[in-house]
Visitor: 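Structure below; questions to follow.
By convention in this document, chain letters (A, B, ...) are assigned in the order of the sequence lines, proteins followed by strands, and residues within each chain are numbered from 1.
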Amino acid sequence: MAHDGCMSLNVEHAPIRTLPSAKPLRLLDNAGHALTGAATGGFTLPDRETLLDLYRKMVIARRFDVQVTALTKQGRLATYPSAYGQEGCEIGAISAIGSDDWFFPTYRDCVALITRGLEPGEILQSFRGDWHNGYDQHAYRTAAQATPLATQALHAVGLSHAARLRHDPIVAMTFLGDGATSEGDAHEAFNFAAVWQTPTVFVVQNNQYAISVPLSRQTHAATLADKAVGYGMPGYHVDGNDVAAMYAVTHAAVERARAGGGPTLIEGVTYRIESHTNSDDPTRYRQAREVEHWKRRDPIERLEKYLVSEGALSETVRSEITDAAEALAAKTREVMSVEAEPDPLELFDHVYSRPRTALLEQRSALEAELAAGAFAQHEAGDR
Amino acid sequence: MAHDGCMSLNVEHAPIRTLPSAKPLRLLDNAGHALTGAATGGFTLPDRETLLDLYRKMVIARRFDVQVTALTKQGRLATYPSAYGQEGCEIGAISAIGSDDWFFPTYRDCVALITRGLEPGEILQSFRGDWHNGYDQHAYRTAAQATPLATQALHAVGLSHAARLRHDPIVAMTFLGDGATSEGDAHEAFNFAAVWQTPTVFVVQNNQYAISVPLSRQTHAATLADKAVGYGMPGYHVDGNDVAAMYAVTHAAVERARAGGGPTLIEGVTYRIESHTNSDDPTRYRQAREVEHWKRRDPIERLEKYLVSEGALSETVRSEITDAAEALAAKTREVMSVEAEPDPLELFDHVYSRPRTALLEQRSALEAELAAGAFAQHEAGDR
Amino acid sequence: MNADTTTAPPAAAEAPAPTQLTMAGALNAALRDAMAADDRVIVYGEDVGPLGGVFRVTDGLQAQFGDDRIWDSPLAESGIVGTAIGMAMYGMRPVVEMQFDAFSYPAFEQMVSHVAKMRNRTRGRVTLPMVVRIPCAGAIGGVEHHSDSSEAYWTSTPGLTVVMPSNPADAYSMLREAIDSDDPVVFMEPKSRYWSKAPLALPVTTAPMDRAEVVREGTDVTLIAYGPTVRTALEAADAAVDEGLSIEVVDLRSLSPFDDETVGASVRKTSRAAVIHEAAQFGGYGAEVAARVTERNFHHLAAPVLRIAGFDIPFPSPKLEEYHLPTADRVLAALDTWEWDA
Amino acid sequence: MNADTTTAPPAAAEAPAPTQLTMAGALNAALRDAMAADDRVIVYGEDVGPLGGVFRVTDGLQAQFGDDRIWDSPLAESGIVGTAIGMAMYGMRPVVEMQFDAFSYPAFEQMVSHVAKMRNRTRGRVTLPMVVRIPCAGAIGGVEHHSDSSEAYWTSTPGLTVVMPSNPADAYSMLREAIDSDDPVVFMEPKSRYWSKAPLALPVTTAPMDRAEVVREGTDVTLIAYGPTVRTALEAADAAVDEGLSIEVVDLRSLSPFDDETVGASVRKTSRAAVIHEAAQFGGYGAEVAARVTERNFHHLAAPVLRIAGFDIPFPSPKLEEYHLPTADRVLAALDTWEWDA
Ligand SMILES: Cc1ncc(C[n+]2csc(CCOP(=O)(O)OP(=O)(O)O)c2C)c(N)n1
Ligand SMILES: Cc1ncc(C[n+]2csc(CCOP(=O)(O)OP(=O)(O)O)c2C)c(N)n1
Ligand SMILES: [Mg+2]
Ligand SMILES: [Mg+2]
C-alpha cells in the first residue's frame, strides 16, 4: 500500500521548444492532390483503407448533422450546434483514439460522437431538452458534452493522469474551440498536462469564430498551436479540412502519449459553415463571401477528389456509404419523432447518491401536485 | 460624444514569434564584468549614472528589507514576505517606469514600493495588521499589493487600456511570481493585453519557488518567457540578479509600450534568499547548499564589483548611500515602534460610497459595545 | 414625417408619447443614453459588438459609438471583470456583460476578492464605478448551464450592490442609476422577461434603485418577489381574489441592500409573508428575506414566512423546468399550508 | 520496543490509550489512515508535499506514501479541482486542498458547474468521490484574503455536501467518512481550531457526518453553531449559568444537508434559538438556519431566531478582527434583546 515502484511524477522529458509551422500542415491540397515535402511536416498519408474509412465516417456524420439541423428547424430540438464543415477536424481526430481511450467533447462535437458509435437518441437527448445528458459515459468512455468552455480540458488531464498512475495505457482526447482557448481553464489544463506529462491530446478546433467573435479578437498569436511552446509541449498547426492530415497528426500524438511521451496541442484550422446554433444570426457578423470561400474548401470533397483520382471510390462503396448515411438519418428522424416525456419525479433521483430527507419531502410535494393534476395539461402532451 | 477618431482596437502589429534566448540575457556577469555579444541580446549597459542610481536603490531597499524582517521577528508585523536577493529584479524593473506610470505589485514587492517613493509606514500598515492597505493608490499611481495571485495583472491590463483609450501616454507595469504564472488569470491577462495591444509590461519574478513548490513542478516550459510566444508578444528571459540587464530590458519594453507597440513579458531569473514569509520553514523543501549557491550570485555585489572596477564607487558615495539606508531603517523602526490602534468604527466607513442603513445599525451596535467597555482590556493596550 | 405635426399640442414635443418597449429594448436604450451622456461609459464582453449580444441588449450600439466605446473582448470572464476593474480605477465606467449566470462563475474570484473589496481595502480611495450585467434565471427553455440563478452568491458578498428589475421602466431607470453609481453594481436581468413589453416614454426615472416597491396593494398577505417572480406573484394575487384573499405584492428591485422599511411596513400590515424565487430554496436569497423579516417583525407575524422557490436540485433540462419553477398555483397552495385561524 | 509488553493487559493492544491530539493532527491521521486503507486515495494541492501544507495537515505523508500518492500541483485552483474531477471519474478518490477559503474562488466554476452537477447531469452514472478541503474562517490574525468564511457559497449550491468539524474527534471521523463518500464533499476546517487539542484514541468514529449533535444540554435557549463558533457557544452557555439561563448547544457538523430533526427537537424543547457564525450576517448560512428553523417550528417559537454573525463587511485586518467576530458576550447580549416575558 505504501510508496511502490510506479512511475514517478518527476518527468525527465526535455521541454519542446519548436515553433509550429506557420502554414497549416497538409497532406492533401484542396484539389485532392497528395502533397510531399515541407508542407506535410514529415507526416505521411494514411493508407487507403484508413482514408476510405475516414471518408465514410465524414459522409455519414455530415448526413447526421444535416438531418439534425433540419429537425431543429422543425422545432424537434431545443438547440443544435452544427459542425457542418468541421468534419475533417472532428473525424480525423476522433478516429485516432480507440474505444478504451477517453473522449471529452463539447456541445459542438455531435459528429464526433456519432463517429464514436453513440446512438442518435443518446446524443440528442440533451439538445431535445429531456435531460442534461443522454448517454453512458463509462460504456462509451466519453464524458458528457461540456458547455462551460474549456472546463472539460481539465477533466481530460485529470482522468488521463489517473490512468497513468494506474499504469493503464489509455489516452484522453479533448476538443476545444478557438474561443475556449482564451479561458483560464485552457491554460491550466495545458500547464497541468505538461508538468505532469499526462497522456492527453488537446485538439483545438479553430473554426474562426466564437459565436460572433472572429479569431483576431481572440488571440494575437500567429497560430493557436504556438501556445504549446509556453508549456514546453509539442504543438501542431494543421489544416483541419484535411482529414488525412488531422488523422496523421493526432494519431502520432495519441501514440506518443500512450508511450509516455506526454501531451500534445493540435490546432485544426477549419470553419463553421452553419450558424453557431439555430438561434444565431451569422449575417450580423460575417460575409456570405467568406462562407462561400470556405465551402469551396470542403473536407469531404477534398478527400473524395483524392479517392476518385486514385480510383478508390467504386459505385458499390459509394452506395454502401449513402445507404448507411440514409439509414442513420432515418433512425435519427425516427427517434426524434416521438417526444420523450421525462418523469418529473426523476428530478430528485440523481442529485446525491444517498437520498436527502429534504429532497424526499420536495419530491413528495411534487408527487402530490402531479396527483392533483397540477400539470395535467402538459401531461396530456398538450404543448 | 459619438464615435470619434481615436485609435481603433483593430491592431495592425504582426504577432511576434521569436523564442526568447535559452540562457538568461545578461549585461554583467557574476564577477561584475561587462558582457558583449550574444549574451546581451543586443541590449547595452545603462550609463554610469543610471547604474549608480540602481546600486544606491538596491542598497537602500535591502537595508529596508532586512530591517523589516528583523522587526517581524520581534513581533511588530503580522507577516512579511521578504524580497532579499530579488533586488536586481525588483529595482531594475521598477526603475524603468516613471511616476505617471502605474504599478501593480504583489505582497512580495515592498522593496519596489520603497524604491518608488512610498513611505515605510504606508507600506507596512497592511503587514502590521492595521488595515488592508496603507497608501494612496492615486497619489503614487500604485495599486494595493495583491494577494490573490495573478489577479492584479488583469487590473494592469485594464488600466493601461483605459489610458490608451484616453490617449494618455502611460504604461502599467505589473509583477508576478513564477507560481502565479500557473493561474488562469495570468493567461487571461497576457491574452487580453496582446489582443488589445495594451501598454503593459509583465515582469515575472522567477524566484524558483512558490512557497515550497519548485519551478519544475510549476511549468514544463524551457523558460517562463517562452509563454510570450503563445500570445504573439515579445518575451525576454533575463538574469534577474543583473540589475543592469533587468533595467535595460524593462526600459525598452516600457518605451515600446508607450509608443503604442503593445505589451511585453519579461522573466527575471532570481532567487528568494529568505523564507516565503516569516511563518514559513524553508528547510523542509530546499537545501542550504542551494541558498548558498544563490547568495554567491548576489545582485548588489555584482553591480558593486563592476562599479568598483570602474572606479565609480567613491567612499563619499558609499557613505552617502549607507547614511540614506540607515536613515530609512531608523525611520522604519521608529514608525513601527508605536502600535497603531485603528478605530474599530472605521470598519463600516468604506464598504460603500453611500452608507447603508443596515451597516449603520451594526455600527451603532458596536459603538454601544465599545461605550459599555466590551473591549476595554484591548483598548488599554493589553495585548 | 407627418406634415401635420405643427397642429399637435406643444406638450407632445417635450414629453414624447409612450411606445411599447421590451425590457431588452429598455436596457438597450439605457446603455445608449448613458454612453451618449458620458464618454467614460464603455461596454464590452462576449458578442456585444456586431452581434448586439445574444439577447440583443447591445444591438446597434457599436454602429453608433464605434469600436473604442463598445467591443468584443476575448472569451474569458475573469479577464472581462478583471480588466474592468483596472478601467474603473482609471476613471472609466465600464459596463460588462456575462453571457449567462453560470458563465460569470469564472469571474468569481475577481468579483469577490476585488470588485467587492476594493473600496474597503483602500479606505475609500479607490472606488470602482462599474456594472456587471448578468442575464439571469430560467424559464426560457435553456439547455444546461443557461438557467442558473446566481443572485445568492453575490448577495452573500459584502461590498456588492445587487439589483434586479422586473419590468421595462425599472430596467431603464435602474440601469442608468447603476451606471451612474460610484460603486460596483451587479445588474441582474431576468432572461424570461426580456421580451415583456410596457408602454414607455424615455427617459424614465422610477424609484431609486435601492428601494423596494409595493406593486399591488393588499391586506392579507405580503408576497415578496423580484425579477421573474414578480409576475408570478401578481398572477397569484389575481387568482387569490376569487378566494377572497387580498394579496400585497412587493417587488424588491434591490437585493442588496434590502429595503427593510418598505417590506417591514407591508408585513406589519398583513402579518403574513412569503418570498418567491426561482433559485433553489436551500441557501437561496429567500432565506435572508425570511430570516430578516422574521427577526424584525416577529411579534407582528401570524405565521412563518414561507419560501416558495425552486427545488434543491441543479436547474433542470428544458422539458422539466416547468415542474421546478414556482407558479402562481404553487404560491397559493403554499399559502394554504398556513394555519389561517391561528 | 518495551520488553515488558507481554505483561500489559491484552485490551490495551486493541484500544490504544488516548493521546492528546490537535485537530490538525487528527486530520493528518485521517488522511494517513485513509491512504493506507485504500490506494485510490490520492492527495494534492499547493504545498502539500515536502512542506506538509501551510497548516501541516499533510505533514509526513509524502515521505510515507511517495510522490505518486501525494504531490504538489501547479499553483492553480481551478486546475486542481478540475483535474480532481477527471481523476474521480476514473475511480480515484482525490482529496485536494485549497490553501485558504478565498483561494478556492478561482475554482468556483469547476465546483458549481461540475463538482456539484456531475452526478445529476449524468443521471447518476458518473459519481465524483472527491473531497475538497478548505481551511476556513478567521481569528488567526491573517492578513487580507486569509480569513474569509466561504460556506454560504457552497451551501447555496445544490449537489454539494458541506461539512465542518469543530473538534479533533469529529475532524478524524468526518474526514474518513468524507473520503469514503461516493459524492463530492466540501470539507471545511476552521483554521482557528487547528491547534485545539483533545485526548483521542484513533481510529475514532463519531456520529455520522450528516448529523448535528447536541454538545451541551439546556432548557431555555438553543444555540446553533458550527466549526469555530461551537466554542463560542459553549463559552456563552458557561457564562449564562450565572445568569440562571440554561443553554443547549447544537454543533451542526453538516451544513448541507441540514439536520432538521436534531435541531428541530432542540428548538421545540427550548422554544428559543440563535445561530452563530463568523461570516457576514447578510446572506450568510445563518439565514438558512433561521428561515428553516422558523418555517418548521414557528408555533413552538417564543421569539425570533437570532443571528449572531460577523458584520456585513469584508473580513477586517488582524487588529480589527476581534471586533467583527462573534464573542460569548455578544451572544449573551443578543439573547437579552428578546422579550423574555413574551
Ligand atoms: C465559460 C463560458 N462562457 C461563455 C459561454 C457562452 N458560449 C457558448 S459557446 C461560445 C463560443 C465558443 O466559441 P469556440 O470556443 O470558438 O467554440 P465554437 O462554438 O466555435 O465551436 C460562448 C461564448 C460558455 N458556454 N461558457
Ligand atoms: C489564488 C491564490 N492561491 C493561493 C494563494 C496562496 N499563496 C500565497 S503566496 C503563494 C506562492 C506564490 O508563489 P509565486 O507566485 O512564485 O510568488 P513568490 O511568493 O515566490 O514571490 C501561494 C500559493 C494565493 N495568495 N492566491
Ligand atoms: Mg470557434
Ligand atoms: Mg516564486
Visitor: If I measure from the heavy atoms of chain C, does B:Asp136 come under 4.5 Å with its side chain, its backbone, both, or neither?
Guide: both

Visitor: Report which part of B:Phe104 has an atom under 4.5 Å of a heavy atom belonging to chain C: side chain, backbone, both, or neither.
Guide: side chain

Visitor: Below 30° counts as parallel, above 60° as perpendicular, anything between as tilted: where do the rings of B:His161 and C:Trp71 land?
Guide: perpendicular

Visitor: Before giving the answer on salt bridge (charged side-chain N to carboxylate O under 4.0 Å, His left out), spell out for C:Arg93 and C:Asp182 the whole-Å C-alpha distance, their side-chain angles and the decisive distance to 0.1 Å.
Guide: CA-CA 9 Å; C:Arg93 293 187 166 258; C:Asp182 285 337; 2.7 Å; yes

Visitor: Check whether C:Ser78 gets within reach of chain B through its side chain, its backbone, both or neither, counting any heavy atom under 4.5 Å.
Guide: both

Visitor: Can you say whether the rings of C:His277 and C:Tyr226 are parallel (under 30°), tilted (30 to 60°) or perpendicular (over 60°)?
Guide: tilted

Visitor: For the residue pair B:Arg108 / B:Gln205, report whether a side-chain donor-acceptor contact shorter than 3.5 Å exists.
Guide: no

Visitor: Hey, are C:Arg176 and C:Thr205 close enough side-chain-wise for a donor-acceptor pair under 3.5 Å?
Guide: no

Visitor: Aromatic contact between B:Phe103 and B:Phe175, with the criterion being ring centroids under 6.0 Å apart: yes or no?
Guide: yes

Visitor: Using the ring of each side chain (for Trp, its six-membered ring), is B:Phe202 parallel, tilted or perpendicular to B:Phe190, with breaks at 30° and 60°?
Guide: perpendicular

Visitor: By a 4.5 Å heavy-atom criterion (distance strictly below it), what part of C:Thr161 contacts chain B: side chain, backbone, both, or neither?
Guide: both

Visitor: Given the options B:Thr198, B:Val351, B:Thr151, which has more heavy-atom pairs under 4.5 Å with chain C than any of the others?
Guide: B:Thr151

Visitor: Mind ranking C:Glu261, C:Arg121, C:Arg119, C:Met87 by heavy-atom pairs under 4.5 Å with chain B and telling me who comes out on top?
Guide: C:Arg119

Visitor: Kindly compute the distance separating OG1 (C:Thr83) from NE2 (B:His155), expressed to the nearest 0.5 Å.
Guide: 9.0 Å

Visitor: By a 4.5 Å heavy-atom criterion (distance strictly below it), what part of C:Arg296 contacts chain B: side chain, backbone, both, or neither?
Guide: side chain

Visitor: Taking atom CD as the centre, does B:Glu339 end up with more than 12 heavy-atom neighbours from other residues, nucleotides or ligands that are less than 6.0 angstrom away?
Guide: yes

Visitor: Under 4.5 Å heavy-atom distance to chain B, tell me which part of C:Ser73 shows up: side chain, backbone, both or neither.
Guide: both

Visitor: Under a 3.5 Å distance rule, please check whether B:Trp131 uses its side chain to pair with a backbone N or O of C:Asn120 as donor and acceptor.
Guide: yes

Visitor: Which atoms of B:Gln145 are under 4.5 Å from chain C, going by heavy atoms: the side chain, the backbone, both sets, or neither?
Guide: neither

Visitor: Where does C:Leu160 contact chain B at under 4.5 Å (heavy atoms): side chain, backbone, both or neither?
Guide: backbone

Visitor: Against chain C, label B:Glu361 side chain, backbone, both or neither, depending on which of its atoms sit under 4.5 Å from a heavy atom there.
Guide: side chain

Visitor: For C:Ala84, is it the side chain, the backbone, both, or neither that has a heavy atom closer than 4.5 Å to a heavy atom of chain B?
Guide: neither

Visitor: So which of B:Thr147, B:Asp349, B:Asp168 has the largest heavy-atom pair count under 4.5 angstrom toward chain C?
Guide: B:Asp168

Visitor: With only heavy atoms counted, which part of C:Met92 is less than 4.5 Å from chain B, the side chain, the backbone, both or neither?
Guide: side chain

Visitor: Which answer fits B:Leu347, side chain, backbone, both or neither, if we ask what part of it has an atom under 4.5 Å from a heavy atom of chain C?
Guide: backbone

